[in-house]
Amino acid sequence: MDDLGAPTLPPDPVVEAYKKDVDRTLFERNLALTPSERIEQLQRFVALLYEMQRARRPRSGGDDRQAD
Amino acid sequence: MIARPTDFRGLIETLSRGGVDFIVIGGVAAAVHGSARATLDLDVVYGRSVENVARLVRALAPLQPYLRGAPPGLPFSFDAATIARGLNFTLDTSLGSLDLLGEVVGGGTYEALLPFTECLDLFGHACRVVTLEKLIGLKRAAGRPRDNDVLAELEALRDRRSES
């Protein structure tokens with residue numbers, strides 16, 4: 001049981017196999033932040049993703065060929 | 001393609017200021033627990049009481065919620081009657097993507113999920129967030145193969161927490 005009474009689930013062998021590839025350094029950095037800071041970091045990442053997608057979108061009515 | 005980047009803070013503040021009973025689940029809850037994975041929407045389980053649905057509608061109506069992916073011009077009205085008739089809604093709002101869940105697989109209703117939440121300070125508001133252990137349970141109950149790597153990270157976070 002965890003501290004709030006939810007039963008701890010038995011290990012799933014498939015998930016256990018995936019766990020070998022988890023980059024723990026990434027969440028160690030997150031754990032140093034407050035919960036609000038973690039959400040703000042997520043928000044910055046999603047905003048960056050959006051800007052990158054926008055940048056790749058062809059401009060309507062324009063010439064999409066790239067300059068040399 | 002992302003229609004607009006979701007303003008997680010704005011949505012959480014809107015719901016909190018409106019006095020809405022809600023529980024943060026999904027990718028944002030994972031981020032709160034330390035996950036480094038991205039998510040594009042805010043998933044919340046909301047209380048289905050008449051009073052809470054009224055608060056929900058009052059809080060979100062200014063954000064012009066509309067069914068995500070639906071063609072424009074549908075006779076969709078975000079009001080208490082619509083919420084009462086439905087259960088789960090995937091919405092686009094002026095602050096981005098918001099999934100309103102009356103029930104969640106593996107967790108049930110707001111009242112059923114409430115004992116498996118933590119009250120955390122998010123942007124100055126006391127917010128209910130599903131516990132890491134229950135979040136793992138919800139992901140397992142969903143049974144989606146694409147969640148395996150998410151589950152691996154969440155369980156690694158749980159292991160790390162129990163070690164420390």
Side-chain angles (χ1 to χ4, degrees), chain A, chain B residues 1-10 12 24 27-42 96-97 115-118 120-125 127 129-137 139-140 145 147-162 164:
Chain A
M1 304 278 277
D2 74 0
D3 54 349
L4 291 161
T8 302
L9 296 161
D12 175 334
V14 175
V15 175
E16 291 300 310
Y18 275 84
K19 272 163 87 170
K20 291 199 294 284
D21 297 322
V22 173
D23 183 347
R24 286 163 173 78
T25 61
L26 291 176
F27 66 63
E28 284 298 336
R29 201 162 47 192
N30 283 350
L31 292 174
L33 305 173
T34 67
S36 298
E37 288 169 340
R38 293 171 198 167
I39 295 175
E40 282 173 341
Q41 178 173 266
L42 169 66
Q43 196 154 335
R44 282 194 296 274
F45 179 74
V46 173
L48 174 67
L49 198 60
Y50 174 74
E51 286 305 322
M52 287 169 68
Q53 286 189 346
R54 256 170 46 113
R56 288 188 62 204
R57 208 178 299 165
R59 276 171 285 182
S60 57
D63 187 342
D64 294 329
R65 286 174 298 180
Q66 292 197 343
D68 291 332
Chain B
M1 185 63 70
I2 308 172
R4 66 171 65 77
T6 298
D7 180 350
F8 300 111
R9 177 179 185 156
I12 289 168
V24 177
V28 173
V32 166
H33 288 301
S35 168
R37 294 185 170 275
T39 187
L40 301 178
D41 57 10
L42 175 67
S97 302
F116 306 105
T117 63
E118 298 171 62
L120 298 174
D121 181 311
L122 298 181
F123 311 110
H125 301 277
C127 294
V129 180
V130 71
T131 63
L132 179 56
E133 190 63 42
K134 191 64 179 177
L135 184 59
I136 291 168
K139 289 282 181 195
R140 284 217 195 165
D147 282 340
N148 281 335
D149 52 355
V150 178
L151 269 166
E153 188 194 35
L154 293 175
E155 294 194 10
L157 277 161
R158 180 188 60 191
D159 296 346
R160 193 265 190 200
R161 195 182 276 190
S162 62
S164 61

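Below, read A as the first sequence line, B as the second, and so on, with proteins coming before strands; counting in each chain starts at 1.
The only member of B:Glu133, B:Arg158, B:Arg161 that meets side chain to side chain donor-acceptor pair (under 3.5 Å) when paired with B:His33 is B:Arg161.
Your options are A:Thr34, A:Leu33, A:Leu42, and the one with the most heavy-atom pairs under 4.5 Å with chain B is A:Leu42. Counting heavy-atom pairs under 4.5 Å between each of B:Ala36, B:Ala38, B:Gly137, B:Gly34 and chain A puts B:Gly34 at the top. The most heavy-atom pairs under 4.5 Å with chain B, out of A:Ala32, A:Pro10, A:Ala17, come from A:Pro10. Among B:Asp159, B:Leu157, B:Asp121, the residue making the largest number of heavy-atom pairs under 4.5 Å with chain A is B:Leu157.
For the pair B:Val24 and B:Leu120, the minimum side-chain heavy-atom distance is 4.5 Å or more. By the 4.5 Å heavy-atom criterion applied to side chains, A:Leu31 and A:Arg38 are counted as neighbours. B:Arg140 places a side-chain heavy atom less than 4.5 Å from the side chain of B:Leu151. Proximity of B:Lys139 to B:Glu155: side-chain heavy atoms (C-beta onward) are nowhere separated by under 4.5 Å.
Neither the backbone nor the side chain of A:Asp21 comes within contact range of chain B; no heavy atom of the residue lies under 4.5 Å from a heavy atom of that chain. Residue contact with chain B, scored on non-hydrogen atoms closer than 4.5 Å, involves the side chain of A:Glu28 exclusively. If you measure heavy-atom distances from B:Thr39 to chain A, the contacts under 4.5 Å come from both the backbone and the side chain. Heavy-atom distances place both the backbone and the side chain of A:Val15 under 4.5 Å from chain B. Using a 4.5 Å cut-off between heavy atoms, B:Arg37 contacts chain A through its backbone alone, with no side-chain atom that close. Looking at A:Phe27, the atoms closer than 4.5 Å to chain B (heavy atoms on both sides) sit in the backbone and in the side chain alike. There is no contact between A:Glu37 and chain B, counting heavy-atom distances below 4.5 Å.
Of all heavy-atom pairs spanning B:Pro5 and A:Ala47, the tightest one is CB-CA, 3.9 Å.
Of the possible donor and acceptor atoms, one in the side chain of B:Thr6 sits under 3.5 Å from a partner among the backbone N and O of B:Leu40. At least one donor-acceptor pair closer than 3.5 Å links the side chain of A:Gln43 to the backbone N or O of B:Phe8.
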